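So the structure is just underneath, and the comments pick up after that.
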Amino acid sequence: MKTKLFTLYAIGTVVGLITFSSCKKDAKSTTESSPQIEASVLNKIGQLGFSTDQVKKVSNGYLVEGDIVLTEQNFNDTTATPTLRIAESEQYRTTNIVRNLPRTITVSISNLPTVYVAATDAMISRYNALNLRMKFQRVSTGGQVQIIGFNQGPDSQGFITLGSSGFPTSSGNPYNQIAMNTNAQAYGSNPDQGYITSVLQHEMGHCIGFRHTDYFNRNYSCGINGGGNEGTSSYGAILIPGTPSTADAASFMLACSNGADRSFNANDKIALNYLYK
């Protein structure tokens, strides 16, 4: 998730990704300035059904649509699943979801301030309160999903990445990393725990297979120049039945944050129950 800075320390409308920051710079930076992306790589990204606009090279793959990491494994995965897109404002999942249920997914966090640890525990509690067949448990090290920090300021358009993650593997495991921005312009010098919780909640949503609710047009939550249609394909966006056919302004999986503590709404719970109850 990204946010646009209206003043040096103020956070306005959030665009594209999902991550929050602290005022601490982490040496384990996973996001870096990206060179020109090769046409062959952009072609692969487009074939998977993702936007090729503003793609960035990161240490473990390519960052697309503001907060989603695509790896070489994603490029090599194939699927025969048809596109099931009906409306333009419903919840969508990726082809790969977490399998081998019921199961407990361990989560660890390292080299981040204590407010991030508290937010991680709150995020886990929110998911576990849904009584899904997939539970989460924080461990001290070596979690199946590892939360780390990176430090990156705003881009040339004034947007700053809050966080990033990826999608489940073809073997049915969750994506293994959530990266949170520690740059002071992302969350300020005194980050709000509830806000960080909601960003982690969103990023974990990607890790277990959710795409952005407004994937059809990121301008819905990100404002003008928010990125438009993220693209659809047999890999990228499969409609989750039972979710609404009208705009959902409160979904936890909107592409951009409004700066508030946004948790699961009724439609999000329908989508989560459909996949994991």
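Everything numeric in this text was worked out from a predicted model, so none of it was measured.
- The salt bridge (Lys or Arg N to Asp or Glu O under 4.0 Å) contacts involving residues 115-143 comprise D121-R138, R126-D261, where partners must be two or more places apart or lie in separate chains.
- Residues forming a ring pair (Phe, Tyr, Trp, His ring centres under 6.0 Å) with Y175 (at least two apart in sequence, or on another chain): none.
- A heavy-atom distance below 4.5 Å is found between the side chains of F167 and I68.
- Using a 4.5 Å heavy-atom cutoff, the side chains of V139 and V107 are not in contact.
- F210 approaches A271 most closely through the heavy-atom pair CE2-CB, 3.7 Å.
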*Give the intermediate values and the outcome of side chain to side chain donor-acceptor pair (under 3.5 Å) for residues N96 and S170.*
CA-CA 6 Å; N96 296 336; S170 57; 5.2 Å; no
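- Legend: salt bridge (Lys or Arg N to Asp or Glu O under 4.0 Å) pairs involving residues 176-189, not counting sequence neighbours: none detected.
- Take S263 and apply the side chain to side chain donor-acceptor pair (under 3.5 Å) test, not counting sequence neighbours, and it matches Q201.
- At least one side-chain heavy atom of F150 sits less than 4.5 Å from a side-chain heavy atom of T161.
- Taken from OG1 in T120 to CD1 in I109, the straight-line distance is 3.5 Å, to the nearest 0.5 Å.
- For residues 106-120, the set of pairs meeting the salt bridge (Lys or Arg N to Asp or Glu O under 4.0 Å) definition, not counting sequence neighbours, is empty.
- With rounding to the nearest 0.5 Å, the separation of CG in D192 from OG1 in T197 is 8.0 Å.
- In this structure, the side chains of F75 and I45 come closer than 4.5 Å at one or more pairs of heavy atoms.
- Contacts of T71 classified as side chain to side chain donor-acceptor pair (under 3.5 Å), with partners at least two apart in sequence or in another chain: N74.
- The minimum heavy-atom distance between V115 and P191, with the atom names listed, is CG2-O, 3.8 Å.
- With sequence neighbours excluded, no residue satisfies ring pair (Phe, Tyr, Trp, His ring centres under 6.0 Å) with Y276.
- Using a 4.5 Å heavy-atom cutoff, the side chains of L254 and H212 are not in contact.
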_Assess the residue pair N265 and F252 against the criterion (side chain to side chain contact (heavy atoms under 4.5 Å, CB included)); give the C-alpha distance rounded to whole Å, side-chain angles, the decisive distance to 0.1 Å, and a yes or no._
CA-CA 7 Å; N265 70 5; F252 86 116; over 6 Å; no
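- Qualifying side-chain contact (heavy atoms from CB on, under 4.5 Å) partners for S171, counting only residues two or more places apart in sequence or in other chains: T169, N173.
- Listed for the K44 side chain is no donor-acceptor partner under 3.5 Å among the backbone atoms of A39.
- In this structure, OG in S110 is found 7.0 Å from CD1 in I148, a value given to the nearest 0.5 Å.
- Across S164 and L63, no two heavy atoms sit closer than the pair CB-CD1, 3.6 Å.
- Note: L200 CG to C207 SG = 10.0 Å, rounded to the nearest 0.5 Å.
- In terms of heavy-atom proximity, G205 sits nearest to M253 at CA-SD, 4.0 Å.
- Put simply, the side chain of N267 does not reach to within 4.5 Å of the side chain of S251, judged on heavy atoms.
- Q146 meets the side-chain contact (heavy atoms from CB on, under 4.5 Å) test with S108; sequence neighbours excluded.
- Nearest heavy-atom pair across I160 and Q185 is CD1-C, 3.7 Å.
- Both L101 and I105 are assigned to one and the same hydrophobic cluster, defined by single-linkage of ILVMFWY side chains at heavy-atom distances under 4.5 Å.
- Looking at heavy atoms from C-beta onward, N60 lies in side-chain contact with Q177 at the 4.5 angstrom threshold.
- With sequence neighbours excluded, the residues that form a side-chain contact (heavy atoms from CB on, under 4.5 Å) with L130 are L132, F264, K269, L272.
- The backbone N or O of Q144 sits nowhere less than 3.5 Å from a side-chain atom of N176 that would complete a donor-acceptor pair.
- A heavy-atom distance below 4.5 Å is found between the side chains of R103 and V98.
- Nearest heavy atoms, I124 versus F136: CG2-O, 3.4 Å.
- To the nearest 0.5 angstrom, L112 atom CG is 7.5 Å from M180 atom CE.
- Summarising the geometry, atom CD belonging to E72 is positioned 10.0 Å from atom CG belonging to L70; distances are rounded to the nearest 0.5 Å.
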